[in-house]
Every structure is written in structure tokens, then in C-alpha cells.
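Reviewing the structure listed below.
Treat the numbers as computed from the prediction; the structure is a model and nothing was measured.
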Amino acid sequence: MPTCAFLSFRLGLTDGVSVVAGTWMEALRLAGFEVITVAGEGPVDRVVDGLALGATRPPSQGALDAALADADLVVVENLLTIPMNLPASRVAAEVLRGRPAILHHHDPAWQRAQYRHITELPPDDPSWRHVTINQLTRRQLAQRGIRAVTIYNGFDTRVPAGDRDQTREELGVAPGERLVVHPVRAIPRKRIADAVALTEALGGIYWLTGPAEDGFEAELAAILGGARCEVIHRPLARAADVYAAADLVAFPSAWEGFGNPPIEAAIHRRPVAIERYPVATELAALGFRWFDIDDIETIDRWLSEPDNELLDHNRAVAERHLSLERMAADLHHLLDEAGWAP
């Protein structure tokens with residue numbers, strides 16, 4: 001059985017890259033690969049010092065080469081895409097030259113203001129294949145002379161429903177109260193204040209499920225402390241319960257490489273109020289019907305008289321275009337085309 005190594009800064013955690021990588025791992029196991037994980041942090045098979053986001057020195061080329069020595073194929077998750085540990089990226093590029101690898105691009109440098117001056121990522125090599133999570137990035141790579149294909153993130157469309165009543169009781173939310181969930185980490189581009197303002201306008205309870213990161217703690221405390229609505233800030237173990245408890249999903253992000261919550265909301269039959277960041281517009285073109293976050297009157301009217309046809313439609317779009325099966329089929333096609341299928 002051939003071995004595929006997944007390589008990143010971190011894996012096996014709750015960040016979006018880890019979650020998407022997990023779906024790819026399962027697809028490659030089903031394709032006939034043994035899967036191993038290599039990263040600087042997280043519950044992985046092989047930890048390599050220097051790969052983590054906060055590493056103070058790069059990994060040694062020998063240590064990384066040894067960690068990947070038995071891999072027939074390497075899938076690189078964002079490590080050669082975004083310069084969050086540029087010394088580690090440089091070492092990884094050298095180790096992988098001439099080896100079969102898929103570079104899975106989530107957040108290229110030019111899409112983040114603080115990294116736009118860095119132009120050395122992603123590297124390229126004739127032995128590699130490049131995959132983007134959206135068409136926008138694929139086109140931007142083409143403008144930089146790198147050929148890529150797009151494989152949209154895949155979602156489990158057969159996940160069982162969560163327990164609405166028990167979850168709301170646990171949160172202290174009464175049956176008739178509107179609960180607006182914002183299932184994100186608290187960082188600037190997630191626009192926490194906009195989601196709070198939406199909740200205030202709807203007379204609801206605001207629920208933020210993720211922690212503050214990237215030094216956003218003080219600003220988050222100020223936003224939540226000044227909210228004119230009840231606020232819940234706590235995680236929940238099961239995503240299905242989060243969506244089951246919610247009446248509306250808020251997603252006013254300024255930028256996302258993809259944006260999983262609106263798709264998860266469609267699968268769990270929940271409406272979404274969204275800011276039309278570029279990739280959201282691309283995904284909406286698949287057929288999703290989402291509310292504009294500023295259209296308070298329409299959202300309020302829908303919540304007062306829910307329309308199941310909207311929920312059925314969005315779920316059908318997710319099943320048709322963004323299922324795990326669809327993602328796996330696209331990935332298997334790439335393996336066949338490259339000559340890497342077991």
C-alpha cells in the first residue's frame with residue numbers, strides 16, 4: 001500500500017485547514033493510501049520542530065526529509081502557500097523538489113494585506129500538482145504562471161441532525177427567543193461587531209462559538225461588553241447541535257478563502273445572513289440563496305414566517321456540488337491524471 005504524507009504547520013486541530021485536510025485524508029485512504037501526518041503541532045504522527053506557526057527557528061532539512069522518507073506522495077496543506085513561517089516553507093520546498101506532491105492552496109500571500117509584499121510563495125516544480133479551494137485563486141495562480149485545478153471543499157451531507165431543544169436549554173435560550181449563531185474564531189476579518197449589530201436589529205441572542213485569536217482579545221471584550229443584546233460566548237462539541245439550536249447563521253466576513261459555515265448551515269437547513277466577500281459570490285453562483293447581512297427587513301420577515309422551500313433548496317445545492325463524494329471524485333481524477341493512483 002503506498003503512503004501519503006500530509007504536511008502542514010499544524011494538523012488535527014479545529015482550524016479550517018485541519019478540517020479540510022481531514023476530509024482529504026479520508027478520501028485518500030479510500031483510494032488505497034496509507035496516510036501519515038507531519039506537522040509542527042497538533043495530534044500528528046510525526047512532529048517536526050520548526051514547522052509550527054510560532055517556531056523560532058526553521059526545521060532542519062535532514063529532519064524533514066527523514067519524516068517524509070517513506071512517503072510516496074506528499075500533500076502540502078498551505079505550508080507552501082501562506083508565509084506564516086517562511087523559513088519552514090523554504091526548507092519544505094527544497095525537500096520536496098523532484099518528489100510527487102500536491103500543493104493544496106487555501107490562503108495565498110497576496111490575499112492577505114500583511115503578506116502581499118512576499119512573492120516567493122507558492123514555489124513550483126514539474127513534479128508537483130497545484131490545487132486551489134476556489135476558482136478565484138486558480139485564476140490568480142494562472143496569472144503568476146502556475147497551472148492549478150480547483151477542488152471545492154467537501155462536506156458530509158448525511159450528518160445526523162443535532163438536538164435543538166437540549167442545546168438551547170443548555171445555553172439558557174427560551175423556545176421563543178431568536179438565536180443568531182456566529183460559528184467562527186474571533187479575529188478582525190470575521191467582523192464580530194457586524195454580527196452583533198445584526199443580532200441587535202433582530203432582537204435576538206448573539207452566540208459566538210470560537211475563541212479570540214491574533215491579539216483580538218481586548219477588542220472582542222469591548223465589542224461583546226458593549227452589545228445591546230444578550231451574548232453567549234462558548235464552544236459546543238458537536239457542530240450539528242450548534243446549527244440545530246440556531247435560528248439564523250451570521251457570516252459577515254470581509255474575506256474567506258472558502259467559508260465553511262454557510263455550507264454547513266445549508267446542510268443543516270438553517271438560513272444564512274452573509275457579507276458578499278469574493279468567494280461567497282463564487283459559491284452563491286452554484287445556486288445558494290443567502291440573505292444579505294444588511295437586509296434586516298427581509299431577514300426579520302423570514303424568521304417570523306420561515307420558508308422551508310429555501311432551506312430545502314440550499315441543502316440540495318450543497319448535496320449536488322459540495323458533498324464529500326464529489327470532492328473525493330475530483331481528487332481521484334487528479335491522482336489518475338498525474339499517474340499517482342494506487
Side-chain angles (χ1 to χ4, degrees), residues 1-9 11 17-39 44-46 48 51 61-62 64-82 88-108 120-155 257-258 321-342:
M1 179 180 291
T3 297
C4 177
F6 276 74
L7 174 66
S8 194
F9 307 109
L11 288 168
V17 172
S18 290
V19 171
V20 174
T23 64
W24 272 45
M25 291 176 199
E26 184 58 26
L28 285 166
R29 288 189 185 101
L30 292 174
F33 284 92
E34 179 182 354
V35 171
I36 60 171
T37 51
V38 180
V44 297
D45 299 311
R46 300 169 187 175
V48 176
L51 284 179
Q61 186 165 329
L64 185 55
D65 193 47
L68 300 173
D70 58 344
D72 301 286
L73 173 67
V74 179
V75 175
V76 187
E77 294 286 353
N78 235 23
L79 180 66
L80 294 179
T81 309
I82 190 168
S89 300
R90 290 169 178 153
V91 172
E94 287 307 307
V95 168
L96 292 172
R97 296 241 176 245
R99 298 185 58 171
I102 298 174
L103 276 57
H104 195 189
H105 301 296
H106 298 255
D107 304 286
E120 64 184 276
L121 295 181
D124 196 14
D125 187 272
S127 299
W128 301 344
R129 297 293 186 274
H130 296 268
V131 175
T132 67
I133 62 172
N134 59 63
Q135 296 288 353
L136 174 66
T137 301
R138 181 190 60 77
R139 291 192 296 269
Q140 291 172 341
L141 280 173
Q143 292 167 359
R144 291 160 172 82
I146 296 177
R147 179 180 177 273
V149 298
T150 295
I151 298 180
Y152 283 137
N153 295 348
F155 298 81
F258 195 84
H321 295 288
L322 299 172
S323 68
L324 288 173
E325 293 79 11
R326 178 65 179 268
M327 178 274 293
D330 290 343
L331 182 52
H332 293 171
H333 178 76
L334 172 66
L335 295 173
D336 285 337
E337 183 273 332
W340 297 337

Test your reading of the model: is there a side-chain donor-acceptor pair from [X] to the backbone of [Y], 3.5 Å cut-off?
{"X": "T3", "Y": "A71", "result": "no"}
{"X": "H332", "Y": "A27", "result": "yes"}
{"X": "N134", "Y": "T137", "result": "yes"}
{"X": "T37", "Y": "D45", "result": "yes"}
{"X": "S8", "Y": "L11", "result": "no"}
{"X": "R147", "Y": "H130", "result": "no"}
{"X": "D125", "Y": "R97", "result": "no"}

Measuring from atom [atom1] of [X] to atom [atom2] of [Y], what distance do you get when rounded to the nearest 0.5 angstrom?
{"X": "L79", "Y": "L7", "atom1": "CG", "atom2": "CG", "answer": "5.0 Å"}
{"X": "W128", "Y": "R99", "atom1": "CH2", "atom2": "CZ", "answer": "11.0 Å"}
{"X": "L80", "Y": "L96", "atom1": "CG", "atom2": "CG", "answer": "6.5 Å"}
{"X": "H105", "Y": "E77", "atom1": "NE2", "atom2": "CD", "answer": "10.5 Å"}
{"X": "D107", "Y": "I133", "atom1": "CG", "atom2": "CD1", "answer": "6.5 Å"}

R129 NZ/CZ over W340 ring centroid, <6.0 Å and within 45° of normal: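 Output yes; distance and angle both within limits.
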query: How are the rings of W24 and F6 set to each other: parallel, tilted or perpendicular (split at 30° and 60°)?
result: perpendicular
query: Between R90 and E120, does at least one N-O distance fall below 4.0 Å, as a salt bridge requires?
result: yes
query: Are D70 and R46 within salt-bridge range, i.e. N to O under 4.0 Å?
result: yes
- request: Could you check L335 against I102 for side-chain contact (heavy atoms from CB on, under 4.5 Å), going step by step and ending with a plain yes or no?
  value: CA-CA 9 Å; L335 295 173; I102 298 174; 4.2 Å; yes
